[in-house]
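Below you'll find the structure, written out as structure tokens, and then a few comments.
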Protein chains: 2
Amino acid sequence: MPPFVTVDRQKLQKHRSIQQFDVSEAIYANGGEGLAWRVRKGVVRLDTVAPQNKRHFASLAIAGDIIGCETLLFGCYTFSASALTPCELAPWPEGDRNRSNDTLLDVLAKTQQRAAELIALRGGQAIDRVLGLARLLADPAGNVILPTRQDIAEITDLRFETISRIIKQLERAGTLDPIRLAGIHATRSFHLAGQACPARGA
Amino acid sequence: MPPFVTVDRQKLQKHRSIQQFDVSEAIYANGGEGLAWRVRKGVVRLDTVAPQNKRHFASLAIAGDIIGCETLLFGCYTFSASALTPCELAPWPEGDRNRSNDTLLDVLAKTQQRAAELIALRGGQAIDRVLGLARLLADPAGNVILPTRQDIAEITDLRFETISRIIKQLERAGTLDPIRLAGIHATRSFHLAGQACPARGA
DNA sequence: CGCATTTTTGATACACGTCAATCTCCGTGG
DNA sequence: CCACGGAGATTGACGTGTATCAAAAATGCG
């Protein structure tokens, strides 16, 4: 494993503008000044900040999403951002390349789509909400790092006890398979069964 | 009242591109081709269309919002749109004027904000969801035309019986005051008490 | 004026919330 | 190395807000 770490370090130095964030680490605060970012890895949570500094879940950004665009308009962030899983962000737009696969119009379309998905995560039975979130966050191989029970609860508008019960239930049903490292039962890393392209019959 | 109607007709002819829609009327269907629109009056509902032609609430557009932007990118609509209250739409962008108060960036920022508001409408107690929607749809004077109970239910992820009970409860509490026309008790038009700019203390 | 649609209301069931205890995992310091 | 403590997760018992089912009333349209 040492060589892998070395490679990562080198990559990091090549693009020195890339930023890393740990779980539950703040990325930026609403009202603050800064850049727009592209989420390269991980899951980012966006919150509105109400009086008394109360935070309310507002949106989710996963790999490929752009966050903080509104600074290009207002000069400051509208929401607060924090890392739900280990994250890697890069400034956006990437000035060097002209490929421009992400125009403002692309970002808008993706934002609308993401919003519709989040709306769906707050409706229906609890188990479907949790499964929906797991599917949204899983990679094509079905591997997924879930946020904490508390964060899942705030995303789906349920209680963390309910989330805990449902994840256990999905584990026992074999839908979620905890990934064990050194024999230790992981609580966040799973393999999600039946995960593939969303084109399969009932 | 005849003169009023005449005036409206004239306005309509002056801007012949303006479109009117009645309650529950389809505005456009997903996959179809068409323009982007600016909502001038009324409330528009956007749905994702799943297999078996099942519709799922995806988003809401109120006066000032832009809908159907994705056609500028994909050439067709991503969602289906229908009128929740009587609506008036105008093509966007308005080519004639250069004021451009609505750049793509403005639309993106507003879309994010609207999405966060809709997320909030699907969390917390039923009464707060209904009140939240009423506040979102009310004009500065506090007058509001609500969607049908069924549509409110789908927006807030509740059942229409629950919506009915809660609106009655708000009526009895005086928070919602039904507007009577010719002595008939309206079920959609209300005056919302304590509605003003969102800048007032507790 | 009559029928379809929407809304209201009641009785009952259940999914999820609430409260509380326990357990696991980890970092800290003696 | 182990005692300690805190954060997150699990589990149980019980309460409640909303769903569900059913029926009637109000509204609106042809």
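Naming: A, B, ... by sequence-line order, numbering from 1 per chain.
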(message) Just to verify, what does B:Phe190 make a ring pair (Phe, Tyr, Trp, His ring centres under 6.0 Å) with, not counting sequence neighbours?
(response) none
(message) My understanding is that only residues two or more places apart in sequence, or in another chain, count here; which of them pass side chain to side chain donor-acceptor pair (under 3.5 Å) with B:Asp157?
(response) none
(message) Under the rule for side chain to side chain donor-acceptor pair (under 3.5 Å), what residues qualify as partners of A:His56, not counting sequence neighbours?
(response) none
(message) At a heavy-atom distance below 4.0 Å, what parts of residues 116-130 of chain B sit against DNA chain C?
(response) none
(request) Please give the angle, rounded to 10 degrees, between the axes at the start and the end of the helix from C:dC1-D:dG30 to C:dG30-D:dC1, where five pairs define each axis. (result) 40°
Let me have the donor-acceptor pairs involving side chains of residues 162-176 of chain B, under 3.5 Å, with sequence neighbours excluded, atom names and distances please.
unit_1: B:Lys168; atom_1: NZ; unit_2: B:Glu171; atom_2: OE1; d: 3.3

Can you give me every donor-acceptor pair (side chain of residues 23-35 of chain B, partner residue at least two apart or in another chain, under 3.5 Å) with its distance?
unit_1: B:Glu25; atom_1: OE1; unit_2: B:Asp22; atom_2: N; d: 2.6
unit_1: B:Tyr28; atom_1: OH; unit_2: B:Gly68; atom_2: N; d: 3.3

(message) Does the protein touch nucleotides 3-13 of chain C at the base, only the backbone, or not at all? Give it as B, S and - per nucleotide, heavy atoms under 4.0 Å.
(response) ---SBBBBB--
(request) Only counting residues at least two apart or in another chain, list the ones meeting side chain to side chain donor-acceptor pair (under 3.5 Å) with A:Thr148. (result) A:Asp151
(message) Once side-chain contact (heavy atoms from CB on, under 4.5 Å) is applied, do any residues pair with B:Ala90, and if so which ones, sequence neighbours excluded?
(response) B:Ile18, B:Arg40
(message) Going by ring pair (Phe, Tyr, Trp, His ring centres under 6.0 Å), name the residues that satisfy it together with B:Phe79, two or more places apart in sequence or in a different chain.
(response) none
N/O donor-acceptor pairs under 3.5 Å from side chains in residues 111-123 of chain A, not counting sequence neighbours:
unit_1: A:Thr111; atom_1: OG1; unit_2: A:Val107; atom_2: O; d: 2.7
unit_1: A:Gln112; atom_1: NE2; unit_2: B:Glu70; atom_2: OE1; d: 3.3
unit_1: A:Arg114; atom_1: NE; unit_2: A:Asp65; atom_2: OD2; d: 2.8
unit_1: A:Arg114; atom_1: NH1; unit_2: A:Glu117; atom_2: OE1; d: 2.5
unit_1: A:Arg114; atom_1: NH2; unit_2: A:Asp65; atom_2: OD1; d: 3.0
unit_1: A:Arg114; atom_1: NH2; unit_2: A:Asp65; atom_2: OD2; d: 3.2
unit_1: A:Arg122; atom_1: NE; unit_2: A:Ile155; atom_2: O; d: 3.0
unit_1: A:Arg122; atom_1: NH1; unit_2: B:Ile119; atom_2: O; d: 2.9
unit_1: A:Arg122; atom_1: NH2; unit_2: A:Glu154; atom_2: O; d: 2.9

